[in-house]
Amino acid sequence: MTTRRQFFGYAGAAAAGAAATGGAVVALAKDSTTPEPVSRTISPYGEHQAGIARPAPASAELVAFKLATDRAGLGRLMRLWTSDIVALADGRPAPGDTAPELAVPNKSVTVTVGFGPRVFDLTGQKPRGLDDLPVMKHDRLRPAWSGGDLLLMVGADDAVSVVHAVRRLIADAKPFATPLWRQTGFWDSTGANGEPVTGRNLFGQVDGTGNPAFGTPEFDDTVWSTEAGFRGGTTLVVRRIRLNLDTWDELTRSEQERAVGRKLSTGAPLTGTAEHDELDLEARDADGRLVIAQNAHARLSHHSENDGRRIFRKGLNYVHDTGATRESGLIFLSHQADVAGQFLPLLTRLDAVDALNEWTTTIGSAVFALPPGFQPGEWIGQSLLS
């Protein structure tokens, strides 16, 4: 039986053979009428992990693990996962892959790795503010969706690529870590004409409009850590939020819009006409009422109402079926440099008075530090574990 380590040699030879023959095959197949294919391969290399500064993937799975090894074992796991991530991103079978035909290129595969707070008992370099969140008044947390020492978040254009990648990565986690919980989700970031859009949650809301834009100083200041040993990393809060669609559907559209503070049709603030119009938090209607109510979600989460604090948020819709019963909700993902300094004050404010609390219940919560990215010859978490 071929072992995991023995397979490295075979995989290398196979990759070399593919590189030698692949160009000739492409050359024979091309003609003047064949358009150049558009690559959707996302490089796993860089200053930051590749899946962070991107829109939510079409299909994703998050897996949390309980660590069952020491610091040296964790380093070995990170080396294994890094080799897997490089292969999977390129659409190649990872070493030891038992279903290599499912490794398909051009599927926008990304794998993001995170460390829970307990891992830093091994490293002694816990990032600032990285602690488990306190239980909020409206939380109804379940152990089945909470906590974790390690996190994998796999995203791709299709569910088959996600399932295959997760299967390979979990196999390589043995005996270093065992799965604690798994969550699957989906998101549509493409409009009717193929253009990028913000996407909608299952309430029908355009969700994530106020995010800082990728590549801007505002984004960098919000997301990336500047701490020694963790520079280029970030933190992630995962909140599993159950949506009560039945009672939400009993509201009129105007009641739904007032709870959010935005129009359902376009995502525009109730004081504007386009999605990205700035909120006018002072505007009043003919009766003197605030157009965007005091407890509207858009007002309470706005940076001007939170001493300038910002987060970079993503969402994944989910459905969880048990027989004929379906639970629907949102896997809420928040990136920020400092959980305690940026996210927790915002969460506390929303938990106190957010109008959406009547139709939402958080049933899972976890926090992770996402290490910086890696370059060829390096591995994930090297700056923390070496």
Salt bridge flag under 4.0 Å for residues [X] and [Y]:
X: Asp321; Y: Arg326; value: yes
X: Glu327; Y: Arg142; value: yes
X: Asp149; Y: Arg118; value: yes
X: Asp207; Y: Arg313; value: yes
X: Asp157; Y: Arg40; value: yes
X: Lys126; Y: Asp121; value: no
X: Glu47; Y: Arg231; value: no

Just how far is it from atom [atom1] of [X] to atom [atom2] of [Y], taken to the nearest 0.5 Å?
X: Phe368; Y: Thr234; atom1: CZ; atom2: OG1; answer: 13.5 Å
X: Leu141; Y: Arg239; atom1: CG; atom2: CZ; answer: 6.5 Å
X: Ile85; Y: Leu169; atom1: CD1; atom2: CG; answer: 6.5 Å
X: Thr98; Y: Arg168; atom1: OG1; atom2: CZ; answer: 6.0 Å
X: Thr271; Y: Arg284; atom1: OG1; atom2: CZ; answer: 13.0 Å

Exercise: do [X] and [Y] side chains pair donor with acceptor under 3.5 Å:
X: Arg200; Y: Gln205; answer: no
X: Glu275; Y: Thr209; answer: yes
X: Asp338; Y: Gln342; answer: no
X: Asp351; Y: Thr348; answer: no
X: Thr235; Y: Gln336; answer: yes
X: Asp354; Y: His138; answer: no

Taking all non-hydrogen atoms of both residues into account, name the closest pair between [X] and [Y] and its distance.
X: Ala94; Y: Asp84; answer: CB-OD1, 3.4 Å
X: Phe186; Y: Val319; answer: CE2-N, 4.3 Å
X: Ile311; Y: Pro212; answer: O-CD, 3.5 Å

Report task. Decide yes or no on side-chain contact (heavy atoms from CB on, under 4.5 Å) for Ile52 and Leu370, but give the supporting numbers first. Result -> CA-CA 9 Å; Ile52 299 170; Leu370 309 186; 3.9 Å; yes

What donor-acceptor contacts under 3.5 angstrom involve side-chain atoms of residues 376-386, with partners at least two apart or in another chain?
residue, atom, partner, partner atom, Å
Glu378, OE1, Gln375, N, 2.9
Trp379, NE1, Gln382, OE1, 3.4
Gln382, OE1, Trp379, N, 3.1
Ser383, OG, Gly229, O, 3.1
Ser386, OG, Gln382, O, 2.5

Do [X] and [Y] share a hydrophobic cluster, counting only Ile, Leu, Val, Met, Phe, Trp and Tyr and linking them when any side-chain heavy atoms are less than 4.5 Å apart?
X: Val260; Y: Ile292; result: no
X: Val109; Y: Val104; result: no
X: Val291; Y: Leu264; result: no
X: Leu180; Y: Phe120; result: yes
X: Tyr45; Y: Val154; result: yes

**Report entry** salt bridge (Lys or Arg N to Asp or Glu O under 4.0 Å) partners of Arg309, counting only residues at least two apart
**Finding:** Asp307

Requested in this report: Check salt bridge (Lys or Arg N to Asp or Glu O under 4.0 Å) between Arg262 and all other residues, then give those that pass, not counting sequence neighbours.
Outcome: none

Query raised in the report: If we only count heavy atoms from C-beta on, is the Leu133 to Val237 side-chain gap below 4.5 Å?
Result: yes

Query - Min side-chain heavy-atom separation Phe65-Val63 under 4.5 Å - result: yes

Query - More than 12 heavy atoms from other groups under 6.0 Å of CD on Glu255 - result: yes

Requested in this report: Before giving the answer on side-chain contact (heavy atoms from CB on, under 4.5 Å), spell out for Leu316 and Gln183 the whole-Å C-alpha distance, their side-chain angles and the decisive distance to 0.1 Å.
Outcome: CA-CA 10 Å; Leu316 293 167; Gln183 302 187 48; over 6 Å; no

Query raised in the report: Ring centres of Trp224 and Phe214 under 6.0 Å apart?
Result: no

Query raised in the report: Can we call the ring centroids of Trp145 and Trp181 under 6.0 Å apart?
Result: no

Report task. Could you check whether the rings of Phe312 and His335 sit parallel, tilted or perpendicular, using 30° and 60° as the cut-offs? Result -> parallel

Query - Parallel, tilted or perpendicular: ring planes of Trp359 versus Trp248, cut at 30 and 60 degrees - result: perpendicular

